[in-house]
Amino acid sequence: SPAHAEFILVAVAGMFCYTIGYPLFLLVSLFRAKSSLHNTKHPEHEHVKMQLGSFYWHYDTRSWFFESIAICYKMIMVGALGIVFPGPIQLFLAFLVALTYLCLLLRVAPYKRNVHNRLSFACNGAICATFLLALLRAVDQHARGVDSSWEIREDLFDTVLLFILV
């Protein structure tokens with residue numbers, strides 16, 4: 001119906017504006033205030049810190065933009081991959097996105113403290129390992145011709161959890 005088409009158009013426009021607009025707005029805001037982000041002697045420093053401090057304060061001075069990348073990564077992992085048909089393709093794409101972000105974390109090391117860089121790398125490495133194990137299971141089931149049920153057996157879940165914690 002025409003009313004339904006209008007609602008779909010509004011929903012798609014809203015998703016586009018939010019997923020592209022929010023990180024872009026944050027990036028532009030941080031870029032415009034770049035000179036005062038970490039400069040405590042700048043007259044606008046306190047004002048900028050109150051407005052945008054939670055988006056840049058824990059990052060190194062050269063990585064003031066990284067929160068926009070982190071937001072895009074999360075939106076891709078939660079939103080964009082949710083519309084891909086569930087199965088091995090979705091797992092493969094999730095693994096590629098997570099691996100790309102992991103390599104970016106390793107290359108940029110965006111946090112002020114090295115312990116935060118290591119922790120972020122370890123957590124995202126665990127996410128990559130989880131997607132890789134799920135992908136291997138899906139490929140194995142497909143190769144054996146098993147009806148792929150996406151229920152996770154308890155022993156497999158325990159193994160993955162033990163791997164992540166170690």
Side-chain angles (χ1 to χ4, degrees), residues 7-84 86 89-136 150 152 156-166:
F7 286 124
I8 288 177
L9 183 63
V10 169
V12 169
M15 287 189 310
F16 182 76
C17 287
Y18 183 73
T19 57
I20 303 292
Y22 180 66
L24 186 61
F25 175 76
L26 179 61
L27 184 64
V28 168
S29 297
L30 288 170
F31 180 76
R32 291 176 71 199
K34 185 179 171 185
S35 62
S36 63
L37 294 180
H38 293 283
N39 183 0
T40 56
K41 295 178 179 158
H42 195 280
E44 292 290 317
H45 175 73
E46 285 302 316
H47 178 69
V48 169
K49 185 178 174 185
M50 292 298 288
Q51 281 187 331
L52 301 170
S54 62
F55 295 115
Y56 74 87
W57 196 249
H58 49 282
Y59 293 114
D60 196 12
T61 56
R62 62 184 167 71
S63 301
W64 54 269
F65 58 89
F66 205 80
E67 188 65 25
S68 293
I69 293 173
I71 290 171
C72 287
Y73 166 70
K74 292 171 187 175
M75 286 187 181
I76 290 170
M77 293 299 281
V78 173
L81 289 175
I83 62 173
V84 176
I89 296 295
Q90 185 183 42
L91 292 170
F92 180 70
L93 291 175
F95 175 70
L96 282 181
V97 170
L99 187 63
T100 302
Y101 186 71
L102 184 69
C103 291
L104 186 65
L105 280 173
L106 184 61
R107 176 71 175 106
V108 175
Y111 296 99
K112 286 181 181 178
R113 299 182 63 201
N114 281 336
V115 68
H116 294 153
N117 286 317
R118 288 186 200 118
L119 182 62
S120 181
F121 182 78
C123 291
N124 285 289
I127 290 171
C128 282
T130 303
F131 282 126
L132 181 62
L133 289 174
L135 179 62
L136 290 175
W150 291 100
I152 298 176
L156 178 65
F157 180 74
D158 292 343
T159 304
V160 170
L161 188 59
L162 182 64
F163 177 76
I164 290 170
L165 291 176
V166 171

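- Residues Y56 and E67 have side chains that never bring a donor and an acceptor to within less than 3.5 angstrom of each other.
- Applying the 6.0 Å contact sphere to CG of L136 captures more than 12 heavy atoms from other residues, nucleotides or ligands.
- In this structure, A94 and M77 approach most closely via the heavy-atom pair O-CE, 3.8 Å.
- For the atom pair L52 CG and L26 CG, the distance stands at 7.0 Å (nearest 0.5 Å).
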Do I127 and C123 pass the side-chain contact (heavy atoms from CB on, under 4.5 Å) test, and can you show the C-alpha distance, the side-chain angles, and the key distance before you say yes or no?
CA-CA 6 Å; I127 290 171; C123 291; 5.6 Å; no

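- The number of heavy atoms from other shown groups lying within 6.0 Å of OH (Y73) is above 12.
- Atom CZ of F95 is separated from atom CG of L102 by 9.0 Å, given to the nearest 0.5 angstrom.
- In this structure the side chain of Y59 reaches within 4.5 angstrom of the side chain of Y111, judged on heavy atoms.
- Within the 3.5 Å criterion, the main-chain N or O of H116 finds no donor-acceptor partner in the side chain of S120.
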Starting from the C-alpha separation in whole Å, work towards a yes-or-no answer on side-chain contact (heavy atoms from CB on, under 4.5 Å) for L99 and F131.
CA-CA 10 Å; L99 187 63; F131 282 126; over 6 Å; no

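- Under a 3.5 Å cut-off, the side chain of K112 and the backbone N or O of W57 do form a donor-acceptor pair.
- The closest side-chain heavy-atom distance from F25 to L30 is not below 4.5 Å.
- A distance of 10.0 Å separates CG in L27 from CD1 in I71, rounded to the nearest 0.5 Å.
- Between S68 and P23 the shortest heavy-atom distance is OG-O, 3.3 Å.
- For F55, the ring pair (Phe, Tyr, Trp, His ring centres under 6.0 Å) criterion is met by no residue, not counting sequence neighbours.
- To the nearest 0.5 Å, atoms NZ (K49) and OG (S36) are separated by 12.0 Å.
- The two residues A109 and N117 come nearest to each other via the heavy atoms C-OD1, 3.2 Å.
- Taking CG of L81 as the reference point, atom CE of M75 lies at 14.0 Å (rounded to 0.5 Å).
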Would F66 and L105 count as a side-chain contact (heavy atoms from CB on, under 4.5 Å) here? Give the steps.
CA-CA 10 Å; F66 205 80; L105 280 173; 3.8 Å; yes

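- Contact between S35 and H42 at its shortest, heavy atoms only, is OG-NE2, 3.7 Å.
- For D60, the side chain to side chain contact (heavy atoms under 4.5 Å, CB included) partners at least two apart in sequence or on another chain are R62, S63.
- To the nearest 0.5 angstrom, C103 atom SG is 11.0 Å from N124 atom CG.
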Please step through side-chain contact (heavy atoms from CB on, under 4.5 Å) for the pair I69 and Y101, ending with a clear verdict.
CA-CA 9 Å; I69 293 173; Y101 186 71; 4.1 Å; yes

